[in-house]
Amino acid sequence: MQTQELVVIAEYNSYLEAEMAKSIVASAGIYAEIRNEYMSTAYAVAIPPQLLVAYEDAEQAQELLRIHP
């Protein structure tokens, strides 16, 4: 379990999109997790899945997602 402060760097329309983004970030060695992964399946419009990373990795993770949309 991570003890770092995690911040939301992106929201997605589906769990699959969030999982693909998590994979891109994780392939660079950045710890990431998805918030609302189960709730977003049932309530996708109201509760979107969110990608979280450690605060100190947020800028690098966002850049990776810009390069690999």
Side-chain angles (χ1 to χ4, degrees):
M1 174 175 270
Q2 294 288 315
T3 58
Q4 306 168 6
E5 177 185 353
L6 299 178
V7 294
V8 176
I9 61 164
E11 287 187 352
Y12 295 92
N13 293 324
S14 72
Y15 174 71
L16 181 59
E17 289 178 9
E19 190 61 47
M20 290 188 312
K22 178 182 173 185
S23 177
I24 290 168
V25 171
S27 70
I30 298 172
Y31 175 81
E33 62 182 59
I34 299 172
R35 178 189 295 167
N36 303 331
E37 62 185 299
Y38 301 113
M39 292 299 287
S40 67
T41 323
Y43 305 103
V45 175
I47 305 174
Q50 300 174 324
L51 183 64
L52 292 88
V53 299
Y55 176 79
E56 52 271 359
D57 295 328
E59 190 174 319
Q60 181 184 3
Q62 288 173 324
E63 183 62 27
L64 285 167
L65 295 175
R66 277 192 287 275
I67 293 169
H68 302 95

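Any value given below was found using the heavy atoms of this structure, including those in side chains, with hydrogens, waters and symmetry copies removed.
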*Which pairs with one or both residues in residues 56-65 pass side-chain hydrogen bond (donor to acceptor under 3.5 Å, both in side chains), sequence neighbours excluded?*
E63-R66
Heavy-atom pair of closest approach, residues [X] and [Y]:
X	Y	answer
I34	Y15	CD1-CE1, 3.8 Å
A32	V53	CB-CG1, 3.9 Å
N36	P48	ND2-O, 3.1 Å
A18	P49	CB-CB, 3.9 Å

_From CD1 (I47) to CZ (R35), nearest 0.5 Å_ = 12.0 Å
*asked:* Can you tell me how far apart NZ (K22) and CD1 (I30) are? Round to the nearest 0.5 Å.
replied: 13.5 Å
*Return the set of residues passing side chain to side chain contact (heavy atoms under 4.5 Å, CB included) with A21 (not counting sequence neighbours), or none when no residue passes.*
Y12, L51, L65
*Are I24 and M20 linked, directly or through other ILVMFWY residues, by side chains that come within less than 4.5 angstrom of each other?*
no
